[in-house]
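Have a look at the structure below before the remarks.
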Amino acid sequence: TDPDAEPSAPPSADADLPTDCEGTKQYLLSAAEQYGSIDAIPVAEAMTLTTAITNVTTLCGLDDAFAFLEDPTIAAFLDS
């Protein structure tokens, strides 16, 4: 594999998921704004959300991913 290649997102059941770091963060922020609580998400979308969270760590790197997941809006959404 090419060590300089950009990481790519793992395969997802949802072809609409972004395949880059910033797009994935925006997807999760939009879900947080739309639903307000992780408990309010339909089961099918919850599976996609789980994939998106995994993609953040893959696409953004651990430090950036952890900083994003600790953002108050995201943390409150995931903890609800």
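- Nearest heavy-atom pair across A52 and L17 is CB-CD2, 4.0 Å.
- Of the inter-residue distances, the one linking D20 atom CG with N55 atom CG reads 10.5 Å to the nearest 0.5 angstrom.
- Atom CG of D39 has more than 12 heavy atoms from other residues, nucleotides or ligands within 6.0 Å.
- Under the rule for a side chain to side chain contact (heavy atoms under 4.5 Å, CB included), the partners of E45 that lie at least two apart in sequence or sit in another chain are Y35, I41, P42.
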* Would D16 and Y27 count as a side-chain contact (heavy atoms from CB on, under 4.5 Å) if you check the C-alpha gap in whole Å, the side-chain angles of each, and the deciding distance to 0.1 Å? -> CA-CA 10 Å; D16 294 332; Y27 174 85; over 6 Å; no
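- Sorted by first then second residue, the salt bridge (Lys or Arg N to Asp or Glu O under 4.0 Å) pairs that include residues 67-77, not counting sequence neighbours, number zero.
- At a threshold of 4.5 Å between non-hydrogen side-chain atoms, the residues I53 and L28 count as touching.
- Nearest heavy atom pair, residue C60 against residue A65, reads CB-N, 4.2 Å.
- Considering only heavy atoms from C-beta on, D79 stays 4.5 Å or farther from I38 through its side chain.
- V56 and F66 sit in two unconnected hydrophobic clusters of ILVMFWY residues. Membership requires side-chain heavy atoms under 4.5 Å apart, directly or through other members.
- Legend: residues meeting side chain to side chain contact (heavy atoms under 4.5 Å, CB included) with A32, ordered by chain and number and at least two apart, are T73, I74, F77.
- The CG atom of D63 lies 15.5 Å from the CZ atom of F68; values are rounded to the nearest 0.5 Å.
- The two residues G23 and P18 make their nearest non-hydrogen contact at O-CG, 3.2 Å.
- Listed by chain and residue number, K25 satisfy the salt bridge (Lys or Arg N to Asp or Glu O under 4.0 Å) test with D64 (two or more places apart in sequence, or in another chain).
- Through direct or indirect side-chain contacts shorter than 4.5 Å among Ile, Leu, Val, Met, Phe, Trp and Tyr, M47 is connected to no other residue.
- With sequence neighbours left out, E33 forms a salt bridge (Lys or Arg N to Asp or Glu O under 4.0 Å) with no residue at all.
- Distance check, rounded to the nearest 0.5 Å: CG of L69 to OG1 of T57 gives 8.0 Å.
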